[in-house]
Every structure is written in C-alpha cells, then in structure tokens.
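To find a chain, count down the sequence lines: A is the first, B the second, and so on, and within it residues start at 1.
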2 protein chains.
Amino acid sequence: MKHVTIKDVARCLNVSVSTVSRAFNDKYDIRKDTKEMILKTAHEMGYYPNPIAKKLSQNRSLNIGVVVPEIMNGYYSEVAIVLQEFFISKGYQVLLMQSDENEDQELKNVKTLINNMVDGLIIAPTIGYKNASYYIEKHNEGYPIVFLNRIDETLQASKVIFNNVKWSFFATEHLIREKYKKIYHLSGYKNLCVSSERIQGFKKAMNKHNFPKENYKIIETGLLAKEGMDAIEDLIFQQDLPDAFFCVNDMVAIGAMKKLKDNGYKIPEDVAFVGFTETRIAKLVTPELSSVKQPTYDMAKKSGEMLLSRIKNPNSEIETVIFNGEFNIRKSSVRDSSIPAT
Amino acid sequence: MKHVTIKDVARCLNVSVSTVSRAFNDKYDIRKDTKEMILKTAHEMGYYPNPIAKKLSQNRSLNIGVVVPEIMNGYYSEVAIVLQEFFISKGYQVLLMQSDENEDQELKNVKTLINNMVDGLIIAPTIGYKNASYYIEKHNEGYPIVFLNRIDETLQASKVIFNNVKWSFFATEHLIREKYKKIYHLSGYKNLCVSSERIQGFKKAMNKHNFPKENYKIIETGLLAKEGMDAIEDLIFQQDLPDAFFCVNDMVAIGAMKKLKDNGYKIPEDVAFVGFTETRIAKLVTPELSSVKQPTYDMAKKSGEMLLSRIKNPNSEIETVIFNGEFNIRKSSVRDSSIPAT
DNA sequence: ACCGTTTCCGAAACCGTTTCCGAAAACCGA
DNA sequence: TCGGTTTTCGGAAACGGTTTCGGAAACGGT
C-alpha cells in the first residue's frame, strides 16, 4: 500500500532526486544511459510519479471541466464520451458535470470546477442568459473556455456551434415540398438560443414559400417528450391539428407522436413529423422519425482541440467554428411510403 | 489571475500560516474571534485553499473513480448523475469513465484511475470475467472498491446488486398468467452475470409452471436494439415466432418490437413483450412496454455510501446489499387492452 | 503569589514533485 | 597540458498547504 516515491528511487540508485525527475521528464540534460538505468529500476521498484505532487509543482491540475445541460438523452452523453476520450489521450482528466437544464445549477457547477482549478472549461450552456456575462468575464480574463452548441453566434468567445437556422430551414422546406399545407413548429424555450435559431429557420422557410399566416404556428413547448405530449393534448382539445409538425428535437417529436397515436391518429398519413438533433431512438420508433443529424463527434472533438490551444495560448484570437449536418428523411414525413427501411 | 495563497493572508494579518490553516480547518486550538477575523479577511482577499496543495499534504486526492459499461442508454447516465451529485456533496470529485462494454477498455480505465490516485472506485463491470481477479486483489489489498450491479453474487467483495433472478421470474410468470403459451427469452450475453441471472429466473418460472421444453427457448442476443432486431429477423426467417418475448432489457425489446411491427405483426395481439431495467423510452414506444424497474437512485446512492465507509475504514467487513424493484405492466404484454394510459 | 492546566499560536518539518543555479566532470582544440 | 565549453548532475528552493511540537500567555485554585 505504501507508495514508492522519487526519493526512494534516488536513494536506491545513489543519485539525486532531480536526476530521477529528469529521467522521467524527457529533459535534455541527462546522459542517455543513466536515464535508461533509472527508468528501468524505477519501473522495477513500482515507482511512478505522484500526479498530485506533479500538479502542485507545475501549477496546473491537468483537469478539464465539462459542463453539459443533461446526459440522459443521448446527445450529450456522446459529447461526454468523445471529450473524455480525447482529453485522456492528451494526459488530462475530465470532470463532467450536468446542470439538469438549470441556470443556477450550471453556474454552481462552473464555480465548483474553477475552484477545483481545472485548466480549462468546455461549457454547453442551458436555458437562459443570466450566466453569460460571468463566463465572458472569465473568458476575457484569459481563463480558457470553449463554448459548445448552445451559445449565441454573436457572442465574443471561442465556440463550436451548429448552423441551426440553415438546417431547420431545410427540414421545414422538406415538409413544404411534401405538400403539407398546415405546419406547426413545436419549439423549445424561446430564451434558449438553439430554439430561437430553429424558429428563425422555420419562419424563413414559411416566408420563402409564402405560407399564409393562418397555416403555420409556433408553439413553445420544452425539450422533453412529456412537453411534446402536453402540446398535442392541447391541440387535440382545441381541435387545431396541422398536417405536419417540425419539432425542436427528437424527444419532443416522439412524445407528440406517441400522444397522437394513442388518440388514433396515423403518422404520417394524418400528421407528419420531423425532429432535430437526431438521437438513436429516431430509428426505433414507429414510424421512423426524420431528423437533422449533427456531427456530434466532430463538434465535440473540435471543441476539445480548441480548448487545448487556448490553454497553451490563453490570449490567442477567439475562434468560432460553425458545423453543418445532414437531414435524414424517414417515414414520419413522407407521403408515399416507398422509403426503404434501414 | 494570480492566486492568493495562505502566506499572503498570514502576512497581511501578521499571523502565522498555521493559524490561518487552523482557521480554515475547524481545528480546536484557535480562539473563536481570531478564527472569524481570519476567515473574514481571507474571504475579502479572495483566498480559498488550493485544493491541489491540500491533496498533496493530506495524501488523498478527494477523487472518486466511477467506471460504467456505457452511458448512452439512460440507465448508467442516471447512475452517473446520482453518484456525481452524492460525492460532490461530500467534498469529492468524480472521474467518470465508460468501458463501451469492453473488458480491456475497462481494465485500462481502472488502471488509469488508480494511477490518478482516486481515493476509491465504484465499478459496474462489463461483460466477461477476465478482470475480476485483478479487482479482487486490489479489493483485498484494502483499496476501497464497491461493485455495482453487474457482479456475481458469490464474489467476496462489497457490492450493491439487484435481485435479477427474482424479478425476471416475476416478469416471466406474468406472461404465463396472461396465458401466453410459447415464450422466448431474448437474453444478453451468457458471460454477463445479470444476463445469466435473468435466464435463471426465466427458467425457474418455466419449470414451476411445467412448460414443455418445446414451448420455450433462450436466445442469446446482446444488449442493443440492433441485436433484438437481428434476433427477430432470424426467427421470422425460420418461421419460429412465439406469442411472447421476455427480453434482457428494454433496448433489445424495443428493437425486436420494431422489427416485428415493420413486418406487419401486431403487438401485443400477435406477440407480447416484457423488458427489463426500465428506461424512460419504455413509456414512449407503441405499445408501451412492460418492464422491471430497478431503484437506480437508491442503488447508486447506496454504493456511494458504502464506498465512503470503506474509504474511512478500508478493512471493514465486506457488505452485500441486494435491492428489489417493481414490475410495471403496460400494454405490450396484456391480452385485454384495458390498461389505462399513463 | 505561586504553580499547574489549559488555551492559543508560531516555527519548522513534511507531502512528492519540478526547476533553477552552480559546480564537477568530461570533452575539445590548440 | 591547459583553458574554455559543453554535459551531466546534485543541492536547494520552490509549489501551497497540513500537522506536530513546544513554548508563551492566560487562567484558576489554593
């Protein structure tokens, strides 16, 4: 149980601790054969450098903080996995915290991580704008932060984002091309930037195709399946169902579809659906859900790389990278059912 | 950016560093008013103890390693969230790693965490038995480890597990009571203990009710939806469909249901389904899926508590806690459809 | 007033590294 | 052989805390 320290190794070999340290740190001022000799016996003695002492003397924690809004719905789980793997390969450890879509929790998480002296932060913010100024202040102080996804494009900070406007425009236009005449958008919270961007894309498509105002509508729901269900319940009660829905994400779409199916509606014959931020369940529900797929892996990895470069050079130029995705058309949104099963 | 250290505080107040340290550590030998005075000015100066230095001098990392098989399917995400929250509240940080259901990756993860000097480990092992001996060796050396879920009941180690045999017995018996006459079990890997325990429960029910051998079957699949789909494809091809399935988990069940629906079968009229380890999607698929729900929150929290007590007292008696769950019957497994929607 | 406790605090050692500085050793050309 | 470089290494000071030890001050009882 007792740990072998650098001193033990030094004493055993009759060299100084600094020499042993040099052997382990690829330093130039050590003779090649003494280095090898030291490494060899150190290994035999079961020595490896104490990471905590290393952190102290180098004044860095080799920890990265990752703050995501949630990790239950697949998307941010994947983000977490990618970042975890990436940073481990670079010698860092990841401290992952989730905010449960709560601004205050998020701020607490960030402060906890800063107090724990993480060398950098990747933040995928939740709903609301309260914390932005604090983050920007830290960012400007030179604290390495990279934002991911849920962040306003105009914000002056390093960030990796998705072109929500464009792809929600495409998704909506697809419904129009399929000749749906009355299209509602189940949007997320308006004070969540990805939601408002997706609303913009939706409106843009409506305008381009001169949809009359009475034939489209934006209904603010939330991000959960339950909220999609609630919205449908209302619409059924008000006898105000459109023939197609474009939803802020897959979970809302799936909840909405479920509620409609439970009430005897057929999808897509009676009502068509398109989701967003494709999750793995999109292909498991009946009918399979059309959705916009984001390049999760690439986006997460890019944010990791950007963070490392910010850590190396905290006052480097800020950089914004905008990703594009792909739109996967499936049975939930096409009139003829000739789409082959996957 | 420059950090305020304990020395700065001491110098500023004309006291010694040890006094400042005492003020921050609830030690007895300090006068109440000097303590308050120190805390007050320290706070004003923006001082807080450097956690890394603290860790070094106290010889502990205040880090907990959590190793789970995956975090994409909801169950272990929840485990991660619960543990994260629990340990943060106790002053620890959690290092979460996922093994992607790969034994070798798991061992690598554990070793990485041990090298990083975590104060303790919670492991939810993946498939296979290769690593068990290494873990047990560490466990016996006094390294604080608690196993969660995926671990053999007979293993001499601290663990929190679910009574799989019992609840898979109940789930199976429910299908029998509903008068299904030909019941197949889509099992997970046989060398995954939870799978084999669920197989046991299934067999037990079959035996109790004297099912003839030709009316039940155990088909080894995996843990993913895709594998449920593949199994169904085979069965359809072989024209060997039963009238009910009991599945090792919800994802396999959902995959299987999807494939059947795509081929025109009605659920539960043609084929009934029961899942296990209930996930949030169980209530979102059509029809809603009957499943055995595990007390995820309680189990995760219990494992955290057990780990803390092992950290305090590494050679305490090993303890095994077995949890029970509940069986939620939904439309996927009942003959008359009078089950109310939830 | 005296002595024995108790309370409170400072000095210094320690945790296990890295790194700076300087000195010994080796090398090299003349 | 000698002086000047260049390698190679050891000593010691950091890094920022905690903890042990011992002594001074305060206290209390006789």
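Counting non-hydrogen atoms of neighbouring residues, nucleotides and ligands closer than 6.0 angstrom, the OH atom of B:Y48 exceeds 12 such neighbours. Few gaps surround CD on B:Q58; more than 12 heavy atoms of other groups in view lie less than 6.0 Å from it. Open room surrounds CD on B:E85; 12 or fewer heavy atoms of other groups in view lie less than 6.0 Å from it. Within a 6.0 Å sphere centred on CD of B:E319, heavy atoms belonging to other residues, nucleotides or ligands number more than 12. For A:Q105, the CD atom is densely surrounded, since the number of other residues' heavy atoms within 6.0 Å is greater than 12.
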| Where protein sits on nucleotides 19-24 of chain D, one letter per nucleotide: B base, S sugar-phosphate only, - none, heavy atoms under 4.0 Å | BB----
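Within residues 35-42 of chain A, no residue approaches DNA chain D, by heavy-atom distance under 4.0 Å.
Between A:F24 and A:Y47, the ring planes lie perpendicular to each other; the angle is over 60°, past the 30° to 60° tilted range. Taking the six-membered ring for Trp and thresholds of 30 and 60 degrees, A:F87 and A:Y92 have ring planes more than 60 degrees apart, a perpendicular arrangement.
A side-chain donor from one of B:Q294 and B:T277 sits under 3.5 Å from a side-chain acceptor of the other. No side-chain donor-acceptor contact under 3.5 Å links B:E106 and B:N102. A donor atom on one side chain and an acceptor atom on the other are not found under 3.5 Å apart for A:Y189 and A:E101.
Of the candidates D:dC15, D:dT18, C:dT18, C:dT18 carries the atom nearest the A:K54 side chain, counting heavy atoms from C-beta on. Among C:dG16, D:dG16, C:dC9, the nucleotide with an atom closest to any side-chain atom of A:N50 is C:dG16. Each of D:dC15, C:dT17, C:dC15 was ranked by its minimum atom distance to the side chain of B:L56; first place goes to C:dC15.
Taking 4.0 angstrom as the limit, A:Y48 places none of its side-chain polar atoms (N or O) nearer than this to OP1 or OP2 of C:dG16. At D:dG16, none of the side-chain N or O atoms of B:T5 fall inside 4.0 Å of OP1 or OP2 (strictly under the cut-off).
In this structure, NE2 of A:H3 is placed 13 Å from C1' of C:dC15, rounded to the nearest angstrom. In this entry the distance linking CG of B:N59 with C1' of D:dT18 reads 11 Å, nearest Å.
With A:Y134 as the aromatic partner, A:K111 meets the cation-pi criteria of under 6.0 angstrom to the ring centre and within 45 degrees of the ring axis.
Comparing B:K7 and A:V15 by the nucleotide of DNA chain D that holds the closest heavy atom to each, the one mapping nearer the 5' end is A:V15.
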| request: Could you provide the dot-bracket string of DNA chain D, using ( ) for intrastrand pairs, [ ] for crossing pairs and | for bases paired to another strand, with Watson-Crick or G-U pairs below 3.5 Å? | output: ||||||||||||||||||||||||||||||
